[in-house]
Amino acid sequence: MKQRSVRSFAAALSVMTVIVSVVGCSTKPPNGSEGTSSKDAKIAFLMPDIASTRYELYDAPLFKAKMKDLCGGCEVLYQNAGGDAAKQQQQADSALAQGADVIVIDPVDSAAAASTVRTAQGRGAPVIAYDRPIPAVKADYYISFDNEKIGAMIGTSLVDHLKATSAEGGLLQVNGSPTDAAAGLIKKGIHSAVDSSGFTLLAEYDTPAWEPGKAQSWVSGQIAKFPGKIAGVVAANDGTGGGSIAAFKAAGATVPPVTGNDAELAAAQRIIKGDQYNTISKPIKTVAEAAAVAAFSFAQGKKPKGDTTLFDTPSELFTPTVVTRENIAEVLVGDGKPLKTAEVCTATYAAACAEVGLTQ
């Protein structure tokens, strides 16, 4: 009887040890399949830079607001990398160390971000590529605009305008960052419009980190190289567009039609004044909120399906709108629009605003 009791106790102790061991070593299964409680989910929202004002002014506040609506107890771990890929990797590692259940990342460097995806997924945290894709590895989801179409839209808009005004000369193409996969898609779209336009492409430049100052410096060199021969500039975003415009003004040269993208406040003012030809109004609110909805789904263990596939990743791609002086009051500025009339039509721009039908 005594020997049997000892064996029974040993068996019971063995079972208890296994149970404790399993509980103590439990980790989250990959892709959020454990269904994190919506009451305490942590969502990392990692943006790439401050060169474009949209991330601080729109994307981050809109994402946070939507997450609060969906999940009052969820915590958004927000960081901006300031254009530094290594810093963004550190921010991602820090978010994971804090227990982030989902990573939403707009990568500084699309190739470098592959490491973040692997690390996060290895720890059971799904990754949503936001705005810019991560082609080297398969993220869990991708939410953005149709970037190739954006390039085609701004390029076509400029070419059509130049033809309508019988412009003569060639074009400069100011692309985005060479480490940004979305910039590569925009560049491809621009070429689809420019290469067959009949206008000579005088030169093109990939702008490191999208920095307006570097775009300005490059365009200054091209103005000296092609004096009086530049009919227009296809710039991939408002920052590089603004830098291009500054280069012409600094050189004392006539500013040709210059494109942009992102519908920044300063760009809207330049368009109204006549310094910039176009920009792209993106439904940032729609995209930021869609990212929040997808992140919340992953946190609950649900996988959003997307409506298309890009880079082998389920994706949601939204189509933006070209904005020029002709439709800026209808699309971009005014009641219910992305930009308020009061913030755009300051005293400096009041007369120009009145010309396009914007009055306070």
Side-chain angles (χ1 to χ4, degrees), residues 52 107 110-111 129 131-136 142-208 210 215 218-219 222 226 229-245 256-263 267 271 276-283 287 307-313 315-324 326-327 331:
S52 177
S110 295
D131 192 26
R132 304 171 181 177
I134 306 174
Y142 175 46
I143 293 180
S144 185
F145 313 97
D146 190 333
N147 287 296
E148 187 172 337
K149 189 169 185 177
I150 285 175
M153 289 168 74
I154 59 176
T156 299
S157 172
L158 178 67
V159 167
D160 288 348
H161 174 69
L162 294 177
K163 288 181 177 179
T165 56
S166 301
E168 296 182 356
L171 303 176
L172 297 181
Q173 182 171 327
V174 186
N175 304 311
S177 172
T179 63
D180 176 356
L185 293 172
I186 293 172
K187 178 178 178 178
K188 182 179 179 181
I190 290 173
H191 273 292
S192 72
V194 168
D195 292 352
S196 60
S197 68
F199 290 95
T200 301
L201 180 59
L202 300 174
E204 70 175 299
Y205 175 65
D206 293 343
T207 310
W210 293 90
W218 180 80
V219 172
Q222 304 312 303
F226 303 105
K229 297 180 180 179
I230 303 171
V233 180
V234 192
N237 79 338
D238 291 330
T240 55
S244 300
I245 291 167
V258 177
T259 70
N261 165 30
D262 284 339
I271 289 172
Q276 183 169 320
Y277 176 63
N278 72 16
T279 188
I280 291 288
S281 178
K282 298 174 175 177
V287 174
D307 48 27
T308 187
T309 300
L310 191 65
F311 299 112
D312 198 32
T313 302
S315 306
E316 283 185 77
L317 302 179
F318 298 89
T319 302
T321 304
V322 177
V323 178
T324 65
E326 283 66 38
N327 70 345
V331 175

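Every value quoted in this text rests on a predicted model; they were computed, and no experiment measured them. When reading the values below, keep in mind they use all heavy atoms of this one structure, side chains included, and skip hydrogens, waters and symmetry mates.
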Practice prompt. Could you check if a side-chain atom of Val287 sits within less than 4.5 angstrom of a side-chain atom of Lys282, using non-hydrogen atoms only?
Written response: no
Worksheet entry | Verdict with supporting geometry, Leu202 and Gln222, side chain to side chain contact (heavy atoms under 4.5 Å, CB included) | CA-CA 9 Å; Leu202 300 174; Gln222 304 312 303; over 6 Å; no
Item to complete: Indicate yes or no: at least one non-hydrogen side-chain atom of Pro320 is less than 4.5 angstrom from one of Ile150.
Response: yes
Worksheet item: Do Leu162 and Leu171 touch side chain to side chain, with heavy atoms closer than 4.5 Å?
Response: yes
Worksheet, complete the sentence: So CG of Leu201 and CD of Gln173: to nearest 0.5 Å the spacing works out to 5.5 Å
Discussion item. Quick test of your reading: applying ring-ring contact (aromatic ring centres under 6.0 Å, His included), list the pairs with at least one residue in residues 150-175, sequence neighbours left out, ordered by first then second residue.
Written reply: His161-Tyr277
Discussion item. Looking at every heavy atom in both Pro257 and Ala231, which two are closest together, and how far apart are they?
Written reply: CD-O, 3.3 Å
Worksheet, complete the sentence: d(Thr319 OG1, Met153 CE) to nearest 0.5 Å is 7.0 Å
Response to the item:
Closest heavy-atom pair, Val194 versus Ser197, reported as atoms and distance to 0.1 Å, is O-OG, 2.7 Å
Fill in: Shortest non-hydrogen contact between Ala193 and Gly155, atoms and distance
CB-C, 3.7 Å
Practice prompt. Heavy atoms only: give me the nearest Ile230-Pro256 pair and the separation to one decimal.
Written response: O-CB, 3.8 Å
Discussion item. Quick one: does any side-chain atom of Ser192 pair with a main-chain N or O of Gly189 as donor and acceptor, under 3.5 Å?
Written reply: yes
Worksheet, complete the sentence: Residue pairs passing the side-chain hydrogen bond (donor to acceptor under 3.5 Å, both in side chains) test with at least one member in residues 229-243, sequence neighbours excluded, are Asn237-Thr240, Asp238-Gln276, Asp238-Thr279
Item to complete: State whether the side chain of Asn327 and the backbone N or O of Thr324 hold a donor-acceptor pair below 3.5 Å, judged by distance alone.
Response: yes
Practice prompt. Please tell me if the side chains of Ser244 and Leu172 come closer than 4.5 Å, counting only heavy atoms from C-beta onward.
Written response: no
Practice prompt. Flag the pair Phe145 / Asp131 as yes when at least one side-chain heavy-atom distance between them is below 4.5 Å, and no otherwise.
Written response: yes
Worksheet entry | Pairs meeting criterion ring-ring contact (aromatic ring centres under 6.0 Å, His included) with involvement of residues 172-201, two or more places apart | none
Worksheet item: What is the minimum heavy-atom distance between Asp262 and Ser52, and which atoms define it?
Response: OD2-OG, 3.4 Å
Discussion item. Rounded at 0.5 Å granularity, tell me how far OG1 in Thr321 sits from CG in Asn278.
Written reply: 12.0 Å
Discussion item. Could you report the tightest heavy-atom contact between Trp210 and Ala183, atom names first, then the distance?
Written reply: CZ2-CB, 3.5 Å
Worksheet item: Do Ile280 and Val322 touch side chain to side chain, with heavy atoms closer than 4.5 Å?
Response: yes
Worksheet item: Hey, are the side chains of Phe318 and Ile143 touching, using non-hydrogen atoms and a 4.5 Å cut-off?
Response: yes
Item to complete: Sequence neighbours left out, what passes side chain to side chain contact (heavy atoms under 4.5 Å, CB included) with Ala182? Give chain and number order.
Response: Arg132, Pro133, Asn147, Asp180
Worksheet entry | Partners passing side chain to side chain contact (heavy atoms under 4.5 Å, CB included) against Asp206 (at least two apart in sequence or in another chain) | Asn175, Pro178, Lys187
Item to complete: Check whether the side chains of Thr313 and Ser315 place a donor and an acceptor atom closer than 3.5 Å, and report yes or no.
Response: no
Discussion item. With rounding to the nearest 0.5 angstrom, report the CD1 to OG1 distance, Ile190 to Thr156.
Written reply: 10.0 Å
Fill in: Under the side chain to side chain contact (heavy atoms under 4.5 Å, CB included) test, residues paired with Glu148 that sit two or more places apart
Asp146, Leu185, Lys188
Worksheet item: Hey, are the side chains of Thr207 and Trp218 touching, using non-hydrogen atoms and a 4.5 Å cut-off?
Response: no
